[in-house]
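Hydrogens, waters and symmetry mates are skipped; everything else that's a heavy atom, side chains included, is used.
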Amino acid sequence: MEESRRDRKKRLTRQRIIATAMRLFAEQGYEQTTVAQIAAAADVDPKTFFNYFRAKDEVVFADTEHIFGMLLGALAAPRPKEGPGELLARAVQEYAARRRPEVPRKEPEELSAGVRLMMTTPALQAKGLYLMLDLQRRMAGELLKAFPGRLDPITAAAMIGSLIGAVQQASLASVELGRSQDELWRAARHGLDVAARGLLSVRANAAEDDEPAHAAEGNDPS
């Protein structure tokens, strides 16, 4: 759909607020930066800021629900004969294909500044961890819905943790190495490939495969 003039103005205002806030956070610290300062530097009224964000921490995680919606939406539509690992891998690939054109270009220094901000600010660390755990729970729930009675909750949780952990850590390593934004996307895809080698080994009747592990525990000679 063609973007209306009003919607384009709102989108650009939102982007300006985000860019301004992130710059101020990097320059003077997250805790030291106020909403009033962000609004003034972005040339908007404080009321306008609150039309877009309820608090300044929401600026850092501005696209979280949009990202979550993309991933969860893909998981809700499994294809015929598609296994759990195949569905997860496809969901991430579809997310990347849709999300990548939306992300503004950033230099390696900007990417590093954003990561440093989240890794060194306790309030943002806590919120980031909560959001990541929430995403994983929701993804595991969708995976179980996609394979009702054919996948157990523990296996689903392990699969999601493996996938998200691999992609996240590969992406962080790329940023910490000072790599470009294009290299960041490639690193994320590499993380997906590494995780997928294990994910694709999980069958939709994984609940039945849990018994040998319990049997092994019962045979512990100690």
Side-chain angles (χ1 to χ4, degrees), residues 1-4 7-8 10-12 14-15 18-19 22 58-115 118 128 131-147 151 156-202 204:
M1 294 179 60
E2 185 176 348
E3 186 179 37
S4 69
D7 287 341
R8 180 174 182 273
K10 289 175 64 177
R11 175 174 60 81
L12 292 176
R14 184 175 185 273
Q15 290 179 351
I18 293 171
M22 295 301 289
E58 289 194 357
V59 176
V60 181
F61 303 99
D63 295 326
T64 298
E65 277 305 315
H66 178 55
I67 291 170
F68 286 13
M70 286 184 177
L71 286 168
L72 296 170
L75 288 177
R79 294 173 179 172
K81 298 183 180 180
E82 191 171 46
E86 293 166 326
L87 173 57
L88 275 176
R90 179 173 60 81
V92 175
Q93 291 169 358
E94 289 183 359
Y95 158 74
R98 292 178 57 194
R99 177 63 177 160
R100 189 170 181 176
E102 298 178 347
V103 179
R105 296 293 303 178
K106 294 181 181 179
E107 295 300 318
E109 295 77 13
E110 293 179 88
L111 296 172
S112 297
V115 169
M118 286 189 281
L131 291 172
M132 190 57 61
L133 291 174
D134 181 53
L135 172 62
Q136 292 182 58
R137 283 194 295 267
R138 291 166 68 179
M139 288 180 70
E142 289 298 329
L143 194 61
L144 288 170
K145 289 179 186 177
F147 299 93
L151 192 67
M159 292 178 72
I160 298 298
S162 173
L163 172 67
I164 297 298
V167 172
Q168 182 186 52
Q169 291 303 311
S171 301
L172 284 174
S174 178
V175 172
E176 289 172 351
L177 290 169
R179 304 276 173 83
S180 69
Q181 190 165 339
D182 289 337
E183 289 173 310
L184 170 60
W185 285 104
R186 287 197 290 271
R189 176 54 192 264
H190 182 60
L192 169 62
D193 291 341
V194 170
R197 293 189 184 101
L199 295 175
L200 294 176
S201 70
V202 178

Inset, instruction - Please examine the side chains of Leu87 and Arg90, heavy atoms only from C-beta on, and report whether any two atoms are closer than 4.5 Å. - result: yes
Inset, instruction - Check the pair Ser180, Glu183 against side-chain hydrogen bond (donor to acceptor under 3.5 Å, both in side chains), reporting the backbone distance first and the verdict last. - result: CA-CA 5 Å; Ser180 69; Glu183 289 173 310; 3.2 Å; yes
Legend entry - Derivation and outcome, side chain to side chain contact (heavy atoms under 4.5 Å, CB included), residues Asp63 and Arg99: CA-CA 10 Å; Asp63 295 326; Arg99 177 63 177 160; 2.8 Å; yes
Inset, instruction - Calculate, to the nearest 0.5 Å, the distance between atoms CD and CG belonging to Glu176 and Leu111 respectively. - result: 12.0 Å
Inset, instruction - Calculate, to the nearest 0.5 Å, the distance between atoms CD and CD belonging to Glu65 and Glu58 respectively. - result: 10.0 Å
Inset, instruction - Check whether any side-chain heavy atom of Pro84 sits under 4.5 Å from a side-chain heavy atom of Met159, and report yes or no. - result: yes
Inset, instruction - Answer yes or no: is there a side-chain heavy-atom contact under 4.5 Å between Met139 and Ile164? - result: yes
Legend entry - Heavy-atom side-chain proximity of Ser4 to Asp7 below 4.5 angstrom: yes
Inset, instruction - Could you tell me whether a side-chain N or O of Glu82 sits under 3.5 Å from a main-chain N or O of Arg79, the two making a donor and an acceptor? - result: yes
Legend entry - Closest non-hydrogen atom pair between Pro101 and Ala96, with its separation: CD-O, 4.4 Å
Legend entry - From CG (Leu71) to CD (Gln136), nearest 0.5 Å: 11.5 Å
Legend entry - Residue pair Ala166 / Ala195: nearest heavy atoms and the distance that separates them: CB-CB, 3.8 Å
Legend entry - Min side-chain heavy-atom separation Lys10-Arg14 under 4.5 Å: no
Inset, instruction - Would you confirm whether Gln181, through its side chain, and Lys106, through its main-chain N or O, come within 3.5 Å as a donor-acceptor pair? - result: yes
Legend entry - Minimum-distance pair of heavy atoms, taken over all atoms of Leu131 and Phe68: O-CZ, 3.4 Å
Legend entry - Greater than 12 external heavy atoms within 6.0 Å of Glu107's CD: no
Legend entry - Minimum-distance pair of heavy atoms, taken over all atoms of Glu94 and Ala74: OE1-CB, 3.7 Å
Inset, instruction - Look at atom CZ of Arg100 and say whether more than 12 heavy atoms of other residues, nucleotides or ligands are closer to it than 6.0 Å. - result: yes
Inset, instruction - Any chance you could lay out the side chain to side chain contact (heavy atoms under 4.5 Å, CB included) test for Leu184 and Arg179, step after step, and finish with the verdict? - result: CA-CA 7 Å; Leu184 170 60; Arg179 304 276 173 83; over 6 Å; no
Legend entry - Non-hydrogen side-chain atoms of Arg186 and His190 separated by less than 4.5 Å: no
Inset, instruction - Look up atom OG1 in Thr64 and atom CG in Asp134, then write down how far apart they are to the nearest 0.5 Å. - result: 10.0 Å
Legend entry - No-hydrogen, no-angle side-chain donor-acceptor test under 3.5 Å, Ser171 and Gln168: no
Inset, instruction - Give the minimum heavy-atom separation between Glu142 and Leu72, together with the two atoms involved. - result: CG-CD2, 3.8 Å
Legend entry - Approximate separation, where rounding is to 0.5 Å, of Leu75 CG and Ile160 CD1: 6.0 Å
Inset, instruction - Evaluate the side-chain proximity of Leu192 to Arg189: yes if any heavy-atom separation is below 4.5 Å, no if none is. - result: yes
Legend entry - Arg8 atom CZ, neighbour heavy-atom count above 12 within 6.0 Å: no
